[in-house]
Amino acid sequence: MNNQLSRSFYQNDIHSIAVDLLGCRLVRYIGKDSFLIGRIVETEAYKQKNDPASHSYKGKTKRNEVMFGEPGHLYVYFTYGMHFCCNVVCGPAGQGDAILIRALEPLEGIDEMMKRRFGQLSNKKAQYHNLTNGPAKLCKAFGIGRSENGLDLCGKNIWIEKETIYLSEQIGRSTRVGIKQGKEFPWRYYIKDNPWVSNTDKSVKIYEK
DNA sequence: CGTGAGATTTCCT
DNA sequence: GGAAATCTCACGT
């Protein structure tokens, strides 16, 4: 709680933030002194200007209006008829840039995450490594949906705490996942060799900070 | 392990 | 009307 990122963190350059978020803890308070906590291990940057893959590219609409609001808020979108994914709004207010959180390493509240993600099922798909290794999976595990859209990360429901990556870890960089336009931009960042990074790209480029 | 199709709704053209 | 910043299951190797 004392390391909670403040508004000014989110007003920086989007690529610096996407890198700095790696290793940080995403926290949700679920009552009774209980928390869901995951370490951010994969992010993607989306920009309003000249980035056709971004939801904000064509300007403000009802769906993406949170992206054009104040930084440090959560932009949650619904896609493929069934999934939610969450972003952190970044840059100066009104700019329309955001960072997609693509994967987490579960740290605390794991039983609660399991319950949200898999229900009461105890079959073999309910596995630890499958809990939060994708943008829609982590939203399910954290109970993030329509009603969390627009939520202020400088509040007391969901927030991010500052942490750095370990000395033994390297940052990988690649093109973004699952898009048709803007494919060429290497704006995906992840902690190399972390088991929870989504498995769709085997790029091995190392990002030098 | 890799590939392919289906699920299912919202938003914008 | 069609695509979408995805995931899961089934099936073939």
Side-chain angles (χ1 to χ4, degrees), chain A residues 10 14-15 17-19 21-22 26 38 40-69 71 73-91 95-106 113-151 153 172-190 195-203:
Chain A
Y10 300 105
I14 190 160
H15 295 291
I17 302 174
V19 171
L21 279 176
L22 295 174
L26 180 69
I40 298 173
V41 298
E42 181 179 357
T43 58
E44 279 180 4
Y46 288 88
K47 299 175 63 161
Q48 194 278 322
K49 281 195 174 32
N50 306 316
D51 180 9
S54 174
H55 289 171
S56 57
Y57 179 60
K58 291 178 179 169
K60 190 166 160 180
T61 64
K62 191 169 182 182
R63 180 202 201 194
N64 66 20
E65 62 181 354
V66 173
M67 281 186 86
F68 289 91
H73 288 246
L74 207 58
Y75 165 53
V76 181
Y77 68 88
F78 182 73
T79 191
Y80 295 109
M82 37 172 48
H83 298 301
F84 292 98
C85 300
C86 70
N87 298 245
V88 178
V89 178
C90 291
Q95 183 156 288
D97 294 353
I99 293 165
L100 173 67
I101 300 179
R102 285 196 57 89
L104 298 174
E105 173 182 343
M113 291 186 206
M114 287 275 187
K115 217 181 282 179
R116 284 166 174 72
R117 171 122 160 73
F118 303 114
Q120 300 302 333
L121 303 175
S122 59
N123 59 26
K124 59 182 176 186
K125 80 172 182 184
Q127 290 168 52
Y128 191 31
H129 76 267
N130 192 27
L131 188 55
T132 51
N133 61 341
K137 296 178 186 179
L138 71 91
C139 280
K140 194 99 196 284
F142 269 64
I144 294 174
R146 216 177 303 278
S147 50
E148 281 70 27
N149 187 33
L151 211 142
L153 295 171
R173 182 179 199 184
S174 78
T175 52
R176 295 172 293 180
V177 175
I179 52 173
K180 292 238 159 49
Q181 298 173 298
K183 279 179 173 173
E184 64 278 17
F185 302 130
W187 292 349
R188 171 174 178 253
Y189 305 92
Y190 55 94
W196 280 272
V197 171
S198 63
N199 207 14
T200 21
D201 190 324
K202 303 253 162 72
S203 168

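Proteins get letters first, then strands, A, B, ... in listed order; numbering begins at 1 in each. Everything numeric in this text was worked out from a predicted model, so none of it was measured.
When all heavy atoms of A/Asn50 and A/Pro52 are compared, the closest pair comes out as O-CD, 3.6 Å. In terms of heavy-atom proximity, A/Gly150 sits nearest to A/His73 at O-ND1, 3.1 Å. Summarising the geometry of A/Met67 relative to A/Ser54, their closest heavy-atom pair is CE-OG, 3.7 Å, with the distance given to 0.1 Å. Across all non-hydrogen atoms, the minimal contact from A/Ala103 to A/Val197 is CB-CA, 4.2 Å.
Between the CG atom of A/Asn149 and the P atom of B/dC11 there is a distance of 10 Å, rounded to whole Å. Atom CH2 in A/Trp187 sits roughly 15 Å away from atom P in C/dA5 (whole-Å rounding). Rounding to whole angstrom units, CZ of residue A/Arg146 and C1' of B/dT10 are separated by 8 Å. When the P atom of C/dA4 is taken as reference, atom OH of A/Tyr46 falls 12 Å away, rounded to whole Å. As a whole-Å value, the separation of A/Asn64 CG from B/dT10 P is 17 Å. Rounded to an integer number of Å, the gap from CD of A/Gln181 to P of C/dG2 is 18 Å. Per the geometry, NZ belonging to A/Lys58 stands 13 Å off P belonging to C/dA3, to the nearest Å. Taking atom CG on A/Leu131 and atom C1' on C/dT8, their separation rounds to 16 Å, with Å as the unit.
Note on A/Lys62: every side-chain N or O is 4.0 Å or more away from OP1 and OP2 of B/dC12. The side chain of A/Arg117 places an N or O atom within less than 4.0 Å of a non-bridging phosphate oxygen (OP1 or OP2) of C/dT8. At the phosphate of C/dA5, neither OP1 nor OP2 sits under 4.0 Å from any side-chain N or O atom of A/Thr79. Contact check, A/Lys180 against C/dA3: no side-chain N or O comes under 4.0 Å of OP1 or OP2. Between C/dA4 and A/Arg63, no contact under 4.0 Å exists linking OP1 or OP2 to a side-chain N or O.
For A/Arg102 and A/Tyr190, the positive end is not near the middle of the six-membered ring at less than 6.0 Å and at most 45° from its axis.
The side chain of A/His83 approaches C/dT6 more closely than any other nucleotide in the set C/dT6, C/dA4, B/dT9. The nucleotide whose nearest atom lies closest to any side-chain atom of A/His55 is, among C/dA5, C/dT6, B/dT13, C/dA5. When distances are taken from the side chain of A/Thr61 to each of C/dA5, B/dC11, B/dT13, the shortest belongs to B/dC11. For A/Met82, the listed nucleotide lying nearest its side chain is B/dA7; candidates were B/dA7, C/dT6, C/dT8. The listed nucleotides are B/dT10, C/dT6, B/dT13; the one nearest the side chain of A/Phe78 is B/dT10.
Between A/Leu100 and A/Lys137, the residue anchored nearer the 5' end of DNA chain C, judged by the nucleotide with its closest heavy atom, is A/Leu100.
Not a single donor-acceptor contact under 3.5 angstrom links the side-chain atoms of A/Tyr80 to the base of C/dA3.
Although no hydrogens or angles enter the test, the distance criterion places a donor-acceptor pair under 3.5 Å between the side chain of A/Asn64 and the main chain of A/His55.
Going from the P atom of C/dA5 to that of B/dT3 covers 22 Å, rounded to whole Å.
Applying the Watson-Crick and G-U wobble criteria (two distances, each under 3.5 Å), C/dC9 pairs with B/dG4.
Among the protein residues, A/Ala136 comes within range of the sugar-phosphate backbone only, with heavy atoms under 4.0 Å from sugar or phosphate atoms but none that close to a base.
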